[in-house]
Amino acid sequence: MPVLRPGQPAPPLQFGLADGSSWSLDAQAPDIFTMIVFYRHRHCSVCKEYLKALDELQADFAAQGTSSVAVSMGSRADAKASVNDLDLSTLPLGHGLSLMAARDWQLFLSASRRETEPALFCEPGLFLVDRNQRLYFASIQSMPFGRPVLEQVLDWIPKLVERRTEARGEVPIEPAIERAKG
């Protein structure tokens with residue numbers, strides 16, 4: 001399995017949306033970024049707060065040239081219930097993230113510990129993919145907390161564009177170790 005690396009092509013990604021349509025990364029054509037938010041499941045109170053905040057910031061992200069989507073491994077019924085429960089009005093909410101896609105995006109997985117949790121679900125992640133379908137930014141969590149603050153991401157997008165900041169974190173560890181030895 002290839003290591004997910006900034007500056008490299010993003011892994012393929014496709015899934016269904018709560019509204020019955022489908023979403024595919026290769027069909028996206030953002031001005032600047034596509035932001036993909038992986039969330040645990042509708043059982044997670046931290047995810048609910050994050051999704052609601054993201055929904056409220058959709059117009060602001062769009063004004064910065066960034067389209068957003070959120071997805072979990074849950075079912076369409078779960079996604080539809082989340083849209084209704086959280087009164088999401090603009091955030092496309094995906095469902096049915098495959099185990100293989102979770103692996104390709106190097107998400108952490110958790111097994112159920114409570115009756116309200118699904119048997120298996122992914123932990124959170126937030127990724128920015130540039131208009132050339134290359135990974136620009138990755139934040140992967142093993143717990144529901146510690147996610148990027150959405151307002152900070154929003155604030156940084158124009159600065160990154162203005163400064164022409166290239167993706168960072170592109171150096172594989174093995175060559176870095178060899179370089180440090182030499």
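These numbers were taken from a predicted model, which means no experiment stands behind them.
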- Only counting residues at least two apart or in another chain, list the ones meeting side chain to side chain contact (heavy atoms under 4.5 Å, CB included) with S142.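 Scan of S142 (side chain to side chain contact (heavy atoms under 4.5 Å, CB included), adjacent residues dropped) gives F108.
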
Is any side-chain heavy atom of [Y] closer than 4.5 Å to one of [X]?
X    : Y   : result
F15  : V69 : yes
W105 : I36 : yes
D87  : K52 : yes
P11  : L4  : yes
P92  : Q58 : yes
H41  : C47 : no

Rounded distance (nearest 0.5 Å) linking atom [atom1] of [X] with atom [atom2] of [Y]:
X    : Y    : atom1 : atom2 : answer
E151 : D155 : CD    : CG    : 10.0 Å
R40  : S45  : CZ    : OG    : 8.5 Å
E117 : L120 : CD    : CG    : 11.0 Å
I157 : E162 : CD1   : CD    : 14.0 Å
M35  : Q28  : CE    : CD    : 12.5 Å
L17  : L93  : CG    : CG    : 8.0 Å

How far apart are the closest heavy atoms of [X] and [Y], and which atoms are they?
X    : Y    : result
Y136 : D130 : CB-N, 4.5 Å
V46  : P144 : CG1-O, 3.3 Å
P6   : E170 : O-CB, 3.5 Å
A10  : L25  : CB-CD2, 3.8 Å
E123 : S110 : OE2-OG, 2.5 Å
M73  : L97  : CG-O, 3.4 Å

Point to revise | Side-chain donor-acceptor pair present, H95, D78, cut-off under 3.5 Å | key: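 Note: H95 and D78 side chains miss the donor-acceptor criterion.
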
Practice item. Kindly say whether the aromatic ring centers of Y39 and Y50 come within a distance under 6.0 Å. Key: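 No: the rings miss the under 6.0 Å criterion.
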
Exercise. Can you establish whether the number of heavy atoms outside Q14 located under 6.0 Å from its atom CD is more than 12?
Key: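 Count not over threshold, so no.
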
- Message: Does K80, at its NZ atom, have more than 12 non-hydrogen atoms belonging to other residues, nucleotides or ligands within less than 6.0 Å?
- Response: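 Count not over threshold, so no.
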
query = Taking the six-membered ring for Trp, are F38 and F127 parallel (under 30°), tilted (30 to 60°) or perpendicular (over 60°)?
reply =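 The arrangement is perpendicular - the two ring planes meet at more than 60°.
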
Is the side chain of R131 donor-acceptor paired with the backbone N or O of P30 at a distance under 3.5 Å, no angle test?
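No.
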
Q: Would you confirm whether T90, through its side chain, and D55, through its main-chain N or O, come within 3.5 Å as a donor-acceptor pair?
A: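 Yes, the answer is positive, given that a donor and an acceptor are paired below the 3.5 Å cut-off.
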
Tell me whether [X] shares a hydrophobic cluster with [Y], the cluster being built from Ile, Leu, Val, Met, Phe, Trp, Tyr side chains joined at under 4.5 Å.
X    : Y    : answer
V37  : I140 : no
V153 : L51  : yes
L107 : M143 : no
L128 : L57  : yes
L135 : W156 : no

**Prompt:** With sequence neighbours excluded, what pairs up with F121 under the ring pair (Phe, Tyr, Trp, His ring centres under 6.0 Å) test?
**Reply:**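 Ring pair (Phe, Tyr, Trp, His ring centres under 6.0 Å) check on F121 returns H43.
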
* **Criterion side chain to side chain contact (heavy atoms under 4.5 Å, CB included) on L126 and R147, from CA distance to verdict** => CA-CA 8 Å; L126 185 149; R147 301 174 201 209; over 6 Å; no

